[in-house]
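Read the structure below first, then the notes.
Keep in mind that what you see is a predicted model, and the values were worked out from it rather than measured.
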Protein chains: 2
Amino acid sequence: MSERDGAPTAATGGKAPTIYDVARAAGVAASTVSRAFARPGRVNAATAERIRRVAAELGYRVNPLASGLPTGRTSMLALVVSDVTNPFYAEIIRGAESAAAEAGFVLLLIDAQESDRVERASLERALPAVEGLVLAGTRLSDSAIRMTAKQRPVVVLNRDVADVPSITLDNPHGMLVTAEHLARLGHRTVTYVAGPEASWADGMRLRSLREAATGLGLRVQRVGPFAPTVAGGREAADALPQDLPTAVVAYNDQLAIGVVLALQARGVRVPRDVSVVGFDDIFPTRIVRPGLTTVAAPLRAQGRAAVDALLSSRGKPAPRTGKPMTLPVKLVVRDSTARARRGPRRSG
Amino acid sequence: MSERDGAPTAATGGKAPTIYDVARAAGVAASTVSRAFARPGRVNAATAERIRRVAAELGYRVNPLASGLPTGRTSMLALVVSDVTNPFYAEIIRGAESAAAEAGFVLLLIDAQESDRVERASLERALPAVEGLVLAGTRLSDSAIRMTAKQRPVVVLNRDVADVPSITLDNPHGMLVTAEHLARLGHRTVTYVAGPEASWADGMRLRSLREAATGLGLRVQRVGPFAPTVAGGREAADALPQDLPTAVVAYNDQLAIGVVLALQARGVRVPRDVSVVGFDDIFPTRIVRPGLTTVAAPLRAQGRAAVDALLSSRGKPAPRTGKPMTLPVKLVVRDSTARARRGPRRSG
DNA sequence: TTGAAAGCGCTAACAA
DNA sequence: TTGTTAGCGCTTTCAA
């Protein structure tokens with residue numbers, strides 16, 4: 001239990017060294033130590049060097065809490081997701097976290113656990129401590145989001161909230177290429193499996209699919225809403241019309257996977273009897289059989305972009321750009337879609 | 001853009017109300033306001049009530065940074081994972097986050113991105129701000145962990161570090177039931193697909209499997225190490241002996257899934273030709289075909305337990321309990337294991 | 001039960 | 001370039 005680097009520690013009874021300890025040991029004023037770390041250019045090179053050395057010896061680290069008090073700069077950002085357990089967020093978190101880390105920021109993770117109450121409580125606690133937040137998945141109402149945005153810079157993902165910067169996916173394009181793909185395979189009807197009722201993206205996707213379908217002679221019907229999970233997809237499979245459609249487009253990959261699994265369990269073959277398309281391209285689409293055809297979203301880039309937007313908005317006058325930033329998507333064709341067979345197949 | 005609750009906000013030019021604003025409005029001293037929030041019992045009920053009301057009207061919230069300065073209590077915990085993208089961590093994060101939230105704590109997420117450098121840098125930044133940390137997946141050396149543990153309470157997951165509290169899984173039992181299951185199915189040889197070389201759990205599992213096998217007349221061979229990912233599993237499949245073993249036990253589910261996928265791609269049938277067992281029971285084991293037989297770990301409970309341990313150690317003298325806490329595991333039999341066929345099958 | 005006052009560790013004018 | 005001096009918002013003795 002040696003204390004090689006000589007740093008006194010809390011556990012050993014000592015306290016963490018402060019700026020004063022360093023100042024004393026280096027024979028300078030505290031403010032000079034502060035400058036040496038914050039604005040190295042504003043202090044004599046030799047002095048700065050000596051301070052750094054002494055600080056290292058003492059095991060000194062600037063206390064972000066203390067420095068955040070007078071400046072308001074806490075170097076913390078919050079990321080709100082509705083369910084950490086959802087693989088959809090994994091890539092977003094990764095993107096946000098790495099962008100934050102690169103900028104010297106630390107990320108507060110708030111898992112709303114699909115609960116309004118939990119989300120509000122956690123937000124309440126995190127808000128005063130962070131310099132900005134990205135709402136990747138939130139149950140908050142538009143007005144609640146706007147209220148929050150008044151206190152701290154906010155970036156919303158996959159949702160369009162008036163007056164709040166947002167980063168969305170190109171849902172219209174995604175649905176257009178999906179519809180084209182299906183039409184090209186000879187499908188004439190497609191059932192859209194809807195996600196959560198409150199989801200902005202869900203409404204957007206259904207509308208986009210309908211629009212795209214119109215020009216292609218495709219008929220669109222809708223079932224739902226369902227929880228955006230594999231379990232939700234299983235339920236959705238039961239809600240499909242008795243005369244199974246030849247094609248199903250799901251709000252997201254999890255729903256699509258659930259649909260495929262339930263269909264297969266009933267003896268329905270995918271894609272031979274029914275073609276299925278998902279959205280997002282989360283990792284499981286690659287390990288499922290058949291591989292899921294899906295609209296791939298740049299999730300990691302989205303997380304990164306959100307943090308970048310937040311960081312670049314600091315200090316700026318009004319970050320209200322008006323138009324939401326939209327990220328491109330593309331169709332990834334795997335094995336869950338195939339040429340439509342003549343005549344519908346009766347459901348088991 | 002109304003400001004219904006009258007709370008002045010940063011974005012509107014106003015500043016967040018402080019304890020002094022509340023004090024003035026309520027006609028009491030700042031210290032009384034402080035007490036009203038921190039120790040309600042130590043202040044006149046009527047006064048406390050009035051303060052709460054005024055505070056609510058003003059939209060006052062205690063600033064955790066400011067209160068953390070004098071007390072050292074920041075209400076923040078850090079959680080370090082090696083790769084957020086790994087579904088293995090999803091449940092751990094969920095458990096840790098909810099336990100933290102329930103205790104009024106906020107969680108700092110540190111994604112090491114499988115990089116030593118990234119992990120150290122992030123840790124460096126987070127350390128001074130948190131009251132404790134759980135290392136769910138870390139690349140740090142034992143001694144580095146011990147150094148960290150001297151500065152803040154630490155709980156390590158799935159790893160045994162001398163003098164640092166840890167929460168591990170009952171690997172010996174997991175491997176024992178796995179070996180018994182396989183032996184009962186008539187398998188005589190099993191290949192262990194190893195995870196990362198540095199992994200404590202990996203060594204533990206191999207050793208435990210060997211021990212269990214000895215008593216059951218099972219021969220164990222090992223291939224690896226491999227990255228604990230699906231891609232790693234695919235590689236592992238190629239490293240399997242030419243004469244395929246009838247059973248494969250993988251370090252974790254991701255490896256197991258990769259092995260299954262690669263085997264299937266080669267025309268090898270699972271479980272008919274080769275039985276495969278994973279570890280952890282992450283969500284994808286349920287959507288993969290065949291469903292993966294695996295040793296289920298109480299991941300969420302583990303995350304929760306880690307935070308609870310951290311929280312209960314605060315203020316306590318020395319949290320060095322000596323023995324690591326061990327969580328039970330159990331075998332979940334799905335469809336990736338079956339009776340061994342006579343005679344080995346040649347690899348494609 | 002309440003108030004006054006002295007910090008917590010750091011930053012940011014303002015002087016020197 | 002460096003030192004001095006106020007705070008940042010809150011907690012916590014110590015008196016009243």
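- Taking CG of B:Asp116 as the start and OG of B:Ser82 as the end, the distance is 11.5 Å to the nearest 0.5 Å.
- Note that B:Arg61 lies outside the cation-pi zone of B:Phe37, set by a 6.0 Å cut-off to the ring centre and a 45° limit from the axis.
- Counting only distance, with no hydrogens or angles, the side chain of B:Arg94 and the backbone of B:Arg300 share no donor-acceptor pair below 3.5 Å.
- In this structure, B:Arg61 places its CZ atom 12 Å from P of D:dC10, rounding to the nearest Å.
- A:Glu97 CD to A:Leu109 CG: the interatomic distance, rounded to the nearest 0.5 Å, is 9.0 Å.
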In the 5'-to-3' direction, what one-character label does each nucleotide of nucleotides 11-16 of chain D receive under the scheme B = base within less than 4.0 Å of a protein heavy atom, S = sugar-phosphate only, - = no such atom? BBB---
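- Rotation axes derived from the C1' atoms of the five outermost pairs at either end of the helix from C:dT1-D:dA16 to C:dA16-D:dT1 lie 30° apart, to the nearest 10°.
- Along DNA chain C, read 5' to 3', the first and last nucleotides having any atom under 4.0 Å from a heavy atom of chain A are C:dG9 to C:dA13.
- Atoms CD (A:Glu49) and P (D:dT1) sit 16 Å apart, rounded to a whole Å.
- Ion pairing of A:Glu57 with A:Arg53 is present here, as a side-chain N (NZ or NE/NH1/NH2) and a carboxylate O approach within less than 4.0 Å.
- Distance alone, capped at 3.5 Å, is enough to place a donor-acceptor pair between the A:Gln302 side chain and the A:Ile167 backbone.
- Here the side chain of B:Asp21 pairs a donor or acceptor atom with the backbone of B:Thr18 at under 3.5 angstrom.
- Separating the OG1 atom in A:Thr138 from the CG atom in A:Leu123 is a distance of 7.0 Å, to the nearest 0.5 Å.
- A:Ser312 places a side-chain N or O within 3.5 Å of a backbone atom of A:Ala309 that can act as its donor or acceptor partner.
- Note that CH2 of B:Trp200 is 7.0 Å distant from OG of B:Ser166, once rounded to the nearest 0.5 Å.
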